[in-house]
Structures are given as C-alpha cells and as structure tokens.
Amino acid sequence: MATLIPPPATPPPAAAEPTKPEKVDYMDLPCPIPYEEIHREAMMSLKPEHFEGMRVDFTKGLNQRFSLSHSIVMGPTEVPSQSAETIKIPTANYEFGANFIDPKVMLFGRILTDGRLSARVKCDLSENLTMKANAQLTNEPHMSHGMFNFDYKGSDYRTQLQLGNGGLIGASYIQSVTPHLSLGGEVFWAGQHRKSGLGYAARYNTDKMVASGQVASTGMVVLGYVQKVSEKVSLATDMMYNYMSRDVTASFGYDYILRQCRLRGKIDSNGCTSAFLEERLNMGLNFILSAEIDHKKKDYKFGFGLTVGE
C-alpha cells in the first residue's frame with residue numbers, strides 16, 4: 001500500500017513592513033507662488049471676467065514679437081444711484097492696443113475712445129529679479145495712477161516691493177515651510193490717506209487640492225479651497241468676511257474643461273448666480289457667453305463675444 005505523504009504546511013504570510021514617512025529635505029524646498037496669487041486657482045474658477053452686452057476682440061500679429069489689438073464693447077454701464085434699483089445707460093467703446101513680447105521684456109499699451117490710456121511693462125532685470133509697472137491716465141481729476149513692483153524669486157521664497165503714487169509703499173514676503181505649505185505676510189503704507197496695514201497668509205497645495213487663507217488688519221478675511229476632481233473638473237469655494245462691517249459672502253463654483261470649451265459657474269450666499277463659457281470654434285476663433293443673475297437686486301447681465309486671433 002502506498003504511503004500518503006501530507007502536503008507541506010503553508011507558511012504564514014509575512015507581515016507587511018510599515019511604510020516609512022517620506023523624509024523632507026528642508027534645505028531643498030520648492031519656490032512658492034507670489035503672495036498676491038495665493039488664491040489663484042479659486043479666483044480663476046469663481047471670478048472670470050464677466051461682461052454685459054457685446055464684445056469683439058481682434059488681435060493681429062505683425063511679427064513674432066509685435067502685435068496689434070482692436071476691441072469693441074457695446075453694452076450698458078451702471079451709474080451711481082441712491083435708490084436700491086440699478087440704473088444703467090447704454091455705452092460703446094473702442095480700444096486700440098499694441099503689444100511687444102520678448103523673452104525678457106513685455107510691453108502692453110491701450111487707448112480708449114473716452115480718453116483713457118493704460119500701459120503695462122514687465123522686465124526681467126536678472127534671473128531672479130523682475131520689474132513690473134502699470135499706469136493709467138484719465139481726463140478725470142485724481143483718477144490717474146501708477147505702480148512699480150519689484151519681485152525677487154529665491155530658491156524657496158519670494159519677496160515683493162511696491163511703490164505707487166499717493167505715497168503708497170508696500171512689501172510682501174512668502175516662504176515655503178514644507179513641500180506643500182507656505183506662509184507669508186505683507187505690510188503697506190498709504191501716505192495720501194494716512195493709513196497703514198498688515199496682512200498674513202497661508203497656502204497648502206497638493207496634486208488634488210489647494211487651500212488658502214488670508215487675513216488683514218483692514219478687516220478682510222479671505223478663505224479659499226479648490227478640489228481637483230479630475231484633470232478636467234475642479235470644484236471651488238471661498239468665503240470673504242469683513243469683521244469691521246460684519247459683512248460675509250460665501251460662494252461655490254465649478255470649472256469644467258472640455259475638449260473644445262471651458263465652462264465656469266458659481267452661486268453665492270447673496271443669491272447671485274453666474275456662468276461663463278469659452279468655446280473654441282476654430283483655430284484662432286473663440287466664442288464667449290457670459291451670464292450673471294442677481295434676483296435680490298433685480299440685476300440681470302447677459303453678454304456674448306468673439307475673440308479672433310491668437
């Protein structure tokens with residue numbers, strides 16, 4: 001009779017080795033985004049450039065660096081009023097612009113039919129130092145202004161100095177504390193109005209989410225959060241609170257990028273609903289739809305436009 005040999009006993013499964021936390025090299029942290037852009041993702045989703053009426057933008061490139069632009073805007077403009085109802089008057093404006101774009105220098109100029117003239121300059125003075133300037137001249141008294149910004153980009157920090165007309169002086173600094181967390185602060189002095197202020201900000205970002213917060217001595221508290229559901233869909237929310245006037249506004253929105261279009265929309269705690277659609281019809285031709293409805297104020301804004309040229 002054959003002898004039955006029992007099968008060998010199955011060895012117990014080896015215990016999974018505990019995952020070790022990733023070691024952080026605090027001497028090699030990433031460079032944060034500028035202090036003034038800590039709410040960048042939330043602002044792009046919740047605050048697109050809404051308009052009312054019709055808008056046509058045409059850009060013609062003369063060579064690789066120089067181009068001309070033409071813009072026509074026709075629609076109502078709100079005027080100040082003591083009543084609760086919104087008063088609008090029909091207006092139309094034409095804007096002519098010239099653009100010069102170089103790897104180290106960018107120049108933008110605009111002039112409108114109502115006499116307003118604006119200019120923007122961005123110049124890389126060195127690999128880490130950038131100078132920005134913008135100015136606007138108008139026929140209205142005390143409405144012209146100018147501003148100079150000097151941005152310095154370090155290995156794991158950014159700092160900025162601002163100089164403006166009216167005795168405006170400001171400075172900001174933001175530092176990466178961990179690979180995902182950055183902290184910063186700002187200070188400003190408005191000599192013309194004899195006012196000063198301080199501000200603090202924090203930003204935490206990963207591949208899936210961005211959370212940011214900012215508080216200033218002027219009374220404003222701003223919180224923002226963006227959740228990246230997928231590569232094409234993002235959900236965003238923010239809250240603005242003024243602890244001096246006790247005003248608070250919260251909003252929730254979305255940002256949906258399709259193959260040929262981008263759709264953004266939001267609704268806020270005041271009952272205002274808005275949507276913004278950018279549709280690519282062809283190479284160099286985009287169609288824009290803008291809608292904003294405020295039932296509380298009985299203010300309804302609808303606009304459509306075309307963007308021609310790259």
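Count residues from 1 along the sequence.
Between Ser274 atom OG and Leu46 atom CG the span is 8.5 Å, to the nearest 0.5 Å. Between the CG atom of Asp238 and the CG atom of Leu223 there is a distance of 9.0 Å, given to the nearest 0.5 Å. In this structure, SG in Cys123 is found 10.0 Å from CE in Met106, a value given to the nearest 0.5 Å. In this structure, CG in Asn205 is found 6.5 Å from OG in Ser182, a value given to the nearest 0.5 Å. Interatomic distance, Thr159 OG1 to Leu129 CG, rounded to the nearest 0.5 Å: 10.5 Å. Note: Phe302 CZ to Leu289 CG = 10.5 Å, rounded to the nearest 0.5 Å.
Counted within 6.0 Å of NZ on Lys122, heavy atoms from surrounding residues, nucleotides or ligands total 12 or fewer; the atom is thus considered open. In Arg120, the CZ atom is not crowded: 12 or fewer heavy atoms of neighbouring residues, nucleotides or ligands sit closer than 6.0 Å. Surrounding CE of Met54 are more than 12 heavy atoms belonging to other residues, nucleotides or ligands, all under 6.0 Å away. Residue Met131 qualifies as enclosed at atom CE: its count of foreign heavy atoms under 6.0 Å is above 12. Other residues, nucleotides and ligands place more than 12 heavy atoms under 6.0 Å from the OH atom of Tyr173.
Hydrophobic clustering (side-chain heavy atoms under 4.5 Å, transitive across Ile, Leu, Val, Met, Phe, Trp, Tyr) keeps Val73 apart from Phe58. Leu161 and Val187 are not part of a single hydrophobic cluster, where members link through side-chain heavy atoms under 4.5 Å apart. Tyr241 and Tyr200 fall within a single hydrophobic cluster, where Ile, Leu, Val, Met, Phe, Trp and Tyr are joined by side-chain heavy atoms under 4.5 Å apart, directly or via other members. There is no path of hydrophobic side-chain contacts, each under 4.5 Å, that joins Phe188 to Leu198. Both Leu277 and Val56 belong to a single network of hydrophobic side chains, linked directly or stepwise wherever heavy atoms of I, L, V, M, F, W or Y lie under 4.5 Å apart.
Among pairs with a residue in residues 90-115, those fulfilling salt bridge (Lys or Arg N to Asp or Glu O under 4.0 Å) read Arg65-Asp102, Glu95-Arg110, Asp114-Arg116, at least two apart in sequence or across chains.
Across Gly185 and Tyr35, no two heavy atoms sit closer than the pair N-CE1, 3.5 Å. The two atoms that bring Tyr243 and Ala216 nearest to each other are OH-O, 3.1 Å, heavy atoms only. The minimum heavy-atom distance between Thr178 and Leu181, with the atom names listed, is OG1-N, 3.0 Å. Taking every heavy atom of both residues into account, Arg158 and Pro32 meet most closely at NE-O, 2.6 Å. Nearest heavy atoms, Ser251 versus Lys266: CB-CD, 4.3 Å. Closest approach of Asp124 and Pro103 over heavy atoms only: OD2-O, 3.7 Å.
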query: For Glu41 and Lys228, what are the C-alpha separation, side-chain angles and deciding distance, and is it a salt bridge (Lys or Arg N to Asp or Glu O under 4.0 Å)?
result: CA-CA 10 Å; Glu41 291 81 2; Lys228 301 176 183 178; 5.6 Å; no
* To do: Starting from the C-alpha separation in whole Å, work towards a yes-or-no answer on side-chain contact (heavy atoms from CB on, under 4.5 Å) for Leu68 and Phe96.
  => CA-CA 8 Å; Leu68 300 177; Phe96 174 77; 3.9 Å; yes
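Proximity of a side-chain donor or acceptor of Gln260 to a complementary backbone N or O of Glu279 within less than 3.5 Å is not detected. The backbone N or O of Thr138 sits less than 3.5 Å from a side-chain atom of Ser144, completing a donor-acceptor pair. Judged by distance alone, with hydrogens and angles left aside, the side-chain atoms of Glu278 form no donor-acceptor pair with the main-chain N or O of Ile288 at under 3.5 Å. With hydrogens and angles disregarded, no donor-acceptor distance shorter than 3.5 Å links the side chain of Asn270 to the backbone of Cys272. Side chain of Thr237 to main chain of Tyr225: no donor-acceptor pair is present (N/O by atom type, distance under 3.5 Å, no hydrogens or angles).
In this structure, Tyr300 and His295 have perpendicular ring planes: the angle between them is above 60°, well past the 30° mark. The aromatic rings of Phe148 and Phe150 sit parallel, their planes meeting at an angle under 30°, below the 60° perpendicular limit. Taking the six-membered ring where the residue is Trp, Tyr94 and His70 present parallel rings, their angle staying beneath 30° rather than reaching 60°.
When side chains are defined from C-beta on, Leu168 does not count as touching His145, because their heavy atoms never get closer than 4.5 Å. Side-chain contact between Leu163 and Ile169: present, with at least one pair of heavy atoms (C-beta onward) separated by less than 4.5 Å. Counting heavy atoms from C-beta on, the side chains of Ser172 and Glu36 never come closer than 4.5 Å. At least one side-chain heavy atom of Leu306 sits under 4.5 Å from a side-chain heavy atom of Phe287. Residues Arg40 and Val210 fail the side-chain proximity criterion, which asks for heavy atoms closer than 4.5 Å. Taking 4.5 Å as the limit, every side-chain heavy atom of Lys232 sits out of range of all side-chain heavy atoms of Leu258. Ser290 is not listed as a side-chain neighbour of Lys301, based on a closest heavy-atom distance of 4.5 Å or more. Using a 4.5 Å cut-off on side-chain heavy atoms (C-beta onward), Tyr204 and Met209 make contact.
Exactly one of Arg203, Met220, Glu186 qualifies for a side-chain contact (heavy atoms from CB on, under 4.5 Å) with Gln214. That residue is Glu186.
In terms of the salt bridge (charged side-chain N to carboxylate O under 4.0 Å, His left out) criterion, Glu231 has no residue partners (sequence neighbours excluded). Among residues two or more places apart in sequence or in another chain, the salt bridge (charged side-chain N to carboxylate O under 4.0 Å, His left out) test is passed with Asp151 by Lys132.
Ionic pairing of Glu127 and Lys153 is not present here: no N-O contact between side-chain nitrogen and carboxylate oxygen is shorter than 4.0 angstrom. Using a 4.0 Å cut-off between charged side-chain N and carboxylate O, Glu49 and Arg55 make a salt bridge.
Residues Thr206 and His180 have side chains that never bring a donor and an acceptor to within less than 3.5 angstrom of each other. Looking at Thr77 and Thr91, their side chains do bring a donor and an acceptor atom within 3.5 Å of each other.
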